[in-house]
Amino acid sequence: MLDVKLLRENLDEVKARMATRGGTIDWNEFVTLDRERRDALANIERLKEKKNRLSGEIGKIKKSGGDAAALMREGEEVSEAIRAGESPLADVETRFERFMLTLPNLPARTVTVGKTESDNKEVRRWGEPPNFDFEPKNHWDIGEELAILDFTRAAKIAGARFAVYRDAGARLERALINFMLDLHTRENGYKEMLPPALVNRASLIGTGQLPKFEEDLFHLAPGDYFLIPTAEVPLTNLHRDEMLEPEELPIKYVAYTPCFRSEAGSYGKDVRGLIRQHQFNKVEMVKFTEPDTSYDELESMVRNAEEVLKRLKLPYRVVELCTGDMGFASAKTYDLEVWLPGQNAYREISSCSNCEDFQARRANIRYRKEKKGRPLFVHTLNGSGLAVGRTLVAVLENYQQKDGSVVIPEALRPYMSGLDQIR
RNA sequence: GGAGAGAUGGCCGAGUGGUCUAAGGCGCACGCCUGCUAAGCGUGUGUACCCCAAAAGGGUACCGAGGGUUCAAAUCCCUCUCUCUCCGCCA
């Protein structure tokens, strides 16, 4: 959520910066609703003041045995007026709040202005795409030929966009999860968490998926729960409605969770293989920081995600998303794209974002810098470290051999009981 | 799923219709005192929003959440959420 005062006081600047995201926002609605809301509020507060004053006087008169009938009649009228004013006020407040909750975050000033993916800025590359003396295969062919991935039976038991990992495939996925968690907890200073994969509406409003993107989520009717689309949701909401101590910042969490996405509207995209699934595994990093340090923390989070790819010796590049390509809650985002020989392209495997105080406002996550100072909103960051299924794809495609086997990256062998090759 | 108990400020805890403008304690901040420390004494102590150009100042709301009764609700009524105890079921 954006700061209402910022909108009131610097509307022209906000308009211009928000426009760089693309899409249109009805700013007149903001001005109108804000005006209406404040007028209605001032009106009702005046009446309530009167009510409180009358009630106090009636109390005193009754205590001293006097007759308060006239004042009580007046009080009745005031209460009637309050009741009449309450529903218009509630109505305008609801509309105002809904408007505010559907505004995306303001892009950071440093972010490159652009419309689409093609305007994104490559920041750096690492590693060389491998040279094969044969035609490299897609991971789904590799996986099915080695009998470590089974899409046919996944379709039978669940449907499209699901996968069954089998034998060494299942084990490789598990090895990747453990490898990533160990790296982030032992070397990068994150605390491991294992949160629920189901969350309530308030949590999804906190991180920004609701109210605008309900169709992207799986909703469970009994209990009104949602399956999490990313561990960012439970991890960030851990501290919803909390006051954090400045000395505990930055807080750094890492969690492995399954993630669930409806992929509504993605028909025809990545229809084969593991790239786009309804259910996938992800190791996610989340940070809570002071405003001053959040951009340094974003840089180090990106380095933490890169370290996974470096240790696996997978070639990748880092891309800074332009204003038009960023997610709803983000002020600045870096994507990590891993080289996939089967597609002859770099594909997203991690996304690291600084949400500044956008989520902290929605989720009411604050800290007090000074003991007597006012509460301030923290900055929240999140990043994949990494998308596990896509990492498995990258391993299969980059480490494939002419004979159809796949070499296990050295860093993973301790997690595979020393196994060095899947054949 | 059944029965019962509970939810009050940063924390503990009192409070069953009108000075609750929430007692008291702890904690915290500032000051005083004491050669240090401890103790003691005094003062203060939340959040959000609104009015005001700003400051000063003023107002409204907040006792788990939402409704209701009443001139007036922490207090009475209804619904819900969560926590705890016991029973049942269960990986």
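Throughout, protein chains are lettered first and strands after them, A, B, ... in sequence-line order, and every chain is numbered starting at 1.
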Closest to the side chain of A:R366, out of B:rG59, B:rC51, B:rA48, is B:rA48
Quick one: side-chain contact (heavy atoms from CB on, under 4.5 Å) partners of A:L238, sequence neighbours excluded?
A:M193, A:L235, A:Y253
Pairs meeting criterion salt bridge (Lys or Arg N to Asp or Glu O under 4.0 Å) with involvement of residues 198-207 of chain A, two or more places apart
A:R201-A:E214, A:R201-A:D224
Distance check, C1' atoms only: B:rG6 and B:rC80, in whole angstrom units.
16 Å
Helical stems, RNA chain B - three or more consecutive Watson-Crick or G-U wobble pairs below 3.5 Å
B:1-7 with B:81-87, B:10-12 with B:24-26, B:27-32 with B:40-45, B:46-51 with B:57-62, B:64-68 with B:76-80
Checking A:D34 now: which residues fulfil salt bridge (Lys or Arg N to Asp or Glu O under 4.0 Å) with it, not counting sequence neighbours?
A:R8, A:R37, A:R38
Taking salt bridge (Lys or Arg N to Asp or Glu O under 4.0 Å) as the cut-off, I'd like each qualifying pair that reaches into residues 154-173 of chain A, sequence neighbours left out, listed once.
none
Regarding A:R8, tell me which of base, sugar-phosphate or nothing describes its non-hydrogen contacts under 4.0 Å with the strands shown.
sugar-phosphate
Contact string for nucleotides 63-69 of chain B, one letter per nucleotide 5' to 3', B = base within protein heavy-atom range under 4.0 Å, S = sugar-phosphate only, - = neither, reads -------
Could you work out, with salt bridge (Lys or Arg N to Asp or Glu O under 4.0 Å) as the rule, every residue matching A:K252, not counting sequence neighbours?
none
Roughly how many Å apart are B:rG15 and B:rG9, using the P atom of each and rounding to a whole number?
16 Å
With sequence neighbours excluded, what pairs up with A:E299 under the side-chain hydrogen bond (donor to acceptor under 3.5 Å, both in side chains) test?
A:Y334
Polar-atom pairs under 3.5 Å, protein N or O versus N or O of nucleotides 17-21 of chain B: list them with distances, or write none.
| unit_1 | atom_1 | unit_2 | atom_2 | d |
| --- | --- | --- | --- | --- |
| B:rG18 | N2 | A:S55 | O | 3.1 |

Residues at least two apart in sequence or cross-chain that pass side-chain hydrogen bond (donor to acceptor under 3.5 Å, both in side chains) with A:Q343, listed by chain then number, are A:R347
Nearest to the A:E49 side chain among B:rC50, B:rU60, B:rA48, which nucleotide is it?
B:rU60
Just jot down the side-chain contact (heavy atoms from CB on, under 4.5 Å) partners of A:E348, sequence neighbours excluded, or say none.
A:D335, A:S351, A:R390
Taking only the P atom of each, what is the distance from B:rU79 to B:rA72 in whole angstrom?
23 Å
Near RNA chain B, which residues from residues 39-47 of chain A have a heavy atom under 4.0 Å away?
A:L41, A:E45
